[in-house]
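Down below is the structure, laid out as C-alpha cells.
In what follows, chains are A, B, ... by sequence order, proteins preceding strands, each numbered from 1. Just so you know, these numbers come straight off a predicted model, no measurement behind them.
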Amino acid sequence: MTEIAPGDEFYFQWHITERCNQRCAHCYHESYSSRGELTLPELQDVFAEMERALKAWNRIGSFSLTGGEPFMRRDELYALTDLLDSSDAVGYYDILTNGALIGSDDVGRLRDSAKLRRVQVSLEAPTPQDNDAIRGSGSFATTLSANDRLKAAGLEVAVMMTIARHNKDSLSAMIDLLAEHGVDTFATERFIPEGAGAELGDAMLSSEEARETFELVHRLGVAERRLRVLMYRPLFALVDRDDPTVGAMCSVGTNALTVMHDGTVYPCRRLPIPLGNILEEGLFKIWYDSEFLWKVRDPGNIQGCRDCVLVPLCRGCRAMAHFASGDCFASDPHCWKAESCSA
Amino acid sequence: MFRLSPQVRLRRGPDGSCWAFRLDSGEHYELNETAYETLAALARGDDQVSIAHHLAGEYGITSGRTEVDVEELLTTCVDEGLVTREE
C-alpha cells in the first residue's frame, strides 16, 4: 500500500450497491433497491474508465468501496478488490461497511488484499442503547465484533461517527470505547438532513453547537495518543489554520468524484447532483464539461467564502449548504467565521 | 480550413489561466492568452485569415507575420488533436 501526497491523489467513492441490511435513521440513501445496479462486467468497465482517467491525469487513485452495504455484493466486491490490487493506478482503497456481514472467511480474504488500507465501520454512540436507536437493534454489538475480528487479523480499522445533536456530547466516551477496542482511526462527519435522514432535520447541529463540537474534536484529537483522530474536513481550519493535519478543502470539483450503483456520477455522495453517467458520458466529459463543477471550482462563486482568508484551506461543506439552504453555493451554515464576516 | 475538434473544450480557470481539454483522451493543455483567443475564435467559426487580421490589429504588427504565427500554432494544435484540418 502506498501513501499518496495530497496533490497526487484523486479519490473515488464507489457505491457498488444501494442495498443494505440496515436502515440507519440518519442515512443519506433514499432507496435501498437493486434497481439499476451494474453487473460485474459493467463494474469492470467502470473501473477501466477510472483507471484511464487516473493515468491521463497522472494521479494515483484512492478508493472507498461502499454501498449500501458492499458485502451484500460480496463476489463483486472481491472481484473489484482484485482489480484494484493489481492496478498500478491505485494507491490504496478502503472498504466502508457496517461490518455486520463480515465473516471469518472475509477477514482472511481482506487480510490478503494488497492495497486495502483500512476497513471503516460506523458507530453513533458509545452505548448499545444510543447507537442502536440510530443504526438498529444489535448493530452496536455486531460492529464492535467485526472490529475485534478485523483487528485480531491485523487489519486497520476506522470508526466513523456522524455527529448530530443527539450524540455530540458522547465524543469523549466514544474515543475511550474505541481505544479499548484497539480501533486505529476515528473519523467524524456532521449530520446532514438528506435522504432518509431528512426526517431527522432537528438533529442537525446549530452553528454554535458545531463550533463547540469542532473545538472539542480538535482538543481531543490533539491530546489523544491511543488512536488517530482525523480532522481533515472543512471547517477544522477555523480551529487551527496553522496545523497542516487539520482541516481540508472540500474535494468537490478538485480531486474527487462519487460513482453510484448505476454509474451515475455525483460531485460527492453527500451532494447528489447528477453530473452524468460514467458508462455513457465517460469521466473526461463529466470532469471537463460540467458547468456545475466549473462554477464550484471558483471560490468567488461561494458566498461567505469568496473574501475569506481561509479560502485556500476550507470553503465549507457544499453538501451542508445545499441541504440547509437549498443553495450549494451558500455559506456553510455551520461556519462561525462567515457569521462574524457578515456581522 | 481549421476547425476546433468537437472533442475539445476551452476554459478559463478561476485564476484566469487558459486551458484546452480533450474529452476523448483526458489530456489538458495550458494555453497562453493568444493561443486561447485563437482557438476560441476558431470555435466561433472564424477562419485563420480573419483571426490573423484581428491579431495584427490588436498587436500592431503586419498580417503577414500573424498569418505565419497562426498557421504555425494551428498546425501544432492539429498534431495535438485539438484542431482538425478540413480541405
Side-chain angles (χ1 to χ4, degrees), chain A residues 7-8 10 12 46-61 89 249-255 257 265 275-303 305-308 311-315 318 329, chain B residues 1-48 50-51 54-55 58 69-70 72-86:
Chain A
D8 298 330
F10 196 96
F12 288 107
V46 167
F47 180 69
E49 177 65 8
M50 293 166 161
E51 193 176 43
R52 191 167 82 102
L54 291 167
K55 289 180 175 175
W57 295 334
N58 198 26
R59 299 286 191 98
I60 299 293
M249 177 94 85
C250 168
S251 58
V252 167
T254 58
N255 65 344
L257 286 170
V265 178
L275 302 175
N277 188 293
I278 189 169
L279 293 178
E280 293 167 13
E281 282 89 2
L283 283 175
F284 299 138
K285 178 164 172 46
I286 289 169
W287 191 247
Y288 291 139
D289 216 18
S290 159
E291 290 300 329
F292 171 80
L293 290 181
W294 282 106
K295 187 174 178 186
V296 82
R297 285 172 185 138
D298 184 350
N301 292 321
I302 301 172
Q303 297 164 36
C305 296
R306 57 174 71 110
D307 299 319
C308 179
V311 77
L313 305 172
C314 180
R315 302 188 196 180
R318 297 301 92 221
F329 295 98
Chain B
M1 181 73 175
F2 293 99
R3 299 252 185 234
L4 190 70
S5 164
Q7 289 297 316
V8 170
R9 296 293 183 273
L10 302 174
R11 285 282 181 178
R12 281 188 191 276
D15 58 356
S17 57
C18 302
W19 297 88
F21 299 104
R22 280 185 57 173
L23 304 188
D24 54 344
S25 67
E27 289 170 290
H28 53 275
Y29 302 82
E30 186 164 11
L31 307 173
N32 64 31
E33 186 71 28
T34 304
Y36 180 85
E37 286 303 334
T38 298
L39 294 185
L42 212 57
R44 290 193 297 269
D46 294 357
D47 62 33
Q48 68 187 97
S50 64
I51 294 169
H54 174 77
L55 290 175
E58 190 167 320
D69 289 345
V70 168
E72 189 176 297
L73 169 67
L74 294 180
T75 300
T76 302
C77 289
V78 169
D79 294 342
E80 298 294 339
L82 300 174
V83 166
T84 59
R85 189 196 297 262
E86 296 169 10

Region of A:Trp294 in contact with chain B, defined by heavy-atom distances below 4.5 Å:
side chain
Closest heavy-atom contact between B:Ser25 and A:Arg52?
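Looking at all heavy atoms of both residues, the closest pair is CA-NH1, 4.4 Å.
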Nearest heavy atoms of A:Lys285 and B:Leu23, plus distance in Å:
CA-CD2, 3.9 Å
Could you check whether atom CG of B:Asp79 has more than 12 heavy atoms from other residues, nucleotides or ligands sitting under 6.0 Å from it?
yes
Could you tell me which portion of B:Asp24 (side chain, backbone, both or neither) has an atom closer than 4.5 angstrom to a non-hydrogen atom of chain A?
backbone
Can a donor-acceptor pair be found, under 3.5 Å and without considering hydrogens, that links the side chain of A:Tyr288 to the backbone of B:Gly26?
yes
Given A:Leu283, A:Asp289, A:Asn301, A:Ile286, the one with more heavy-atom pairs under 4.5 angstrom with chain B than any other is A:Asp289
